Amino acid sequence: RMIQIFHYKENDTVITPEPEPEKTYQVYQNYPNPFNSSTTFSFMLERPQHVKVTIYNLLGQNVQTLLDEIRPAGTNELFWDGTGSDGQPVASGIYFYRFEIGDTRETRKMVLLK
């Protein structure tokens with residue numbers, strides 16, 4: 001996301017891009033991927049922050065919310081056993097996981113093979 005600021009000076013327009021805010025976290029690709037029965041998500045936080053991790057199917061439907069809480073600074077790990085919010089195993093296929101950390105979102109793809 002880029003925000004542009006316009007400065008007007010004697011009929012000249014100068015466009016100065018605003019710097020991007022520094023990321024205070026790092027989300028890593030789940031492993032293994034593809035996976036059979038379970039997979040691990042790792043992420044690093046520079047400071048304690050609220051983190052929400054949600055699994056979605058190809059239709060964009062919420063399969064399960066894995067995490068929705070404040071996590072400590074440092075490296076964090078989270079596991080998914082391939083089940084939905086009802087506790088039942090989900091079908092083989094492509095799924096997406098979304099990390100919401102502060103005001104930012106990152107979505108990545110993973111494959112479940114049975």
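None of these values were measured; they are calculated from a predicted model. Counting from 1, the numbers follow the sequence of the chain as shown.
- Applying the ring pair (Phe, Tyr, Trp, His ring centres under 6.0 Å) criterion to Y25, with sequence neighbours excluded, gives no partner residue.
- In this structure, K109 places its NZ atom where only 12 or fewer heavy-atom neighbours from other residues, nucleotides or ligands lie under 6.0 Å away.
- The two residues S38 and D81 come nearest to each other via the heavy atoms CB-CA, 4.0 Å.
- A pairwise comparison of heavy atoms in A91 and L112 identifies O-CD2, 3.5 Å as the closest pair.
- Within the structure, no pair that satisfies the ring pair (Phe, Tyr, Trp, His ring centres under 6.0 Å) test touches residues 49-69, not counting sequence neighbours.
- At least one donor-acceptor pair under 3.5 Å links the side chain of N76 to the backbone N or O of G74.
- In terms of heavy atoms, K114 sits closest to P89 at NZ-CB, 3.4 Å.
- No side-chain donor-acceptor contact under 3.5 Å links E77 to the backbone of T40.
- Evaluated for a ring pair (Phe, Tyr, Trp, His ring centres under 6.0 Å) with F43, the options F99, Y28, Y97 yield exactly one hit, F99.
- Among F79, W80, Y95, the single residue meeting the side chain to side chain contact (heavy atoms under 4.5 Å, CB included) criterion with T39 is W80.
- Going from atom CD of E69 over to atom CG of L67 covers 4.5 Å, rounded to the nearest 0.5 Å.
- F96 and V90 end up in different hydrophobic clusters when Ile, Leu, Val, Met, Phe, Trp and Tyr side chains are linked at under 4.5 Å.
- Closest of all the heavy-atom pairs between Q61 and N57 is OE1-ND2, 2.7 Å.
- Proximity of a side-chain donor or acceptor of T24 to a complementary backbone N or O of E46 within less than 3.5 Å is not detected.
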Q: Please test R108 against N30 for side chain to side chain contact (heavy atoms under 4.5 Å, CB included), starting from the C-alpha separation and ending with a verdict.
A: CA-CA 9 Å; R108 299 201 181 173; N30 69 300; 5.9 Å; no
Q. Given the rule in the side chain to side chain contact (heavy atoms under 4.5 Å, CB included) test, do I101 and R71 qualify, once you have shown the distances and angles that lead to the verdict?
A. CA-CA 10 Å; I101 301 174; R71 298 299 297 191; over 6 Å; no
**Q.** Worked check of side chain to side chain contact (heavy atoms under 4.5 Å, CB included) between I94 and V111
**A.** CA-CA 5 Å; I94 297 173; V111 178; 4.2 Å; yes
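- Of the possible polar contacts, none joining the K52 side chain to the R98 backbone as a donor-acceptor pair under 3.5 Å is found.
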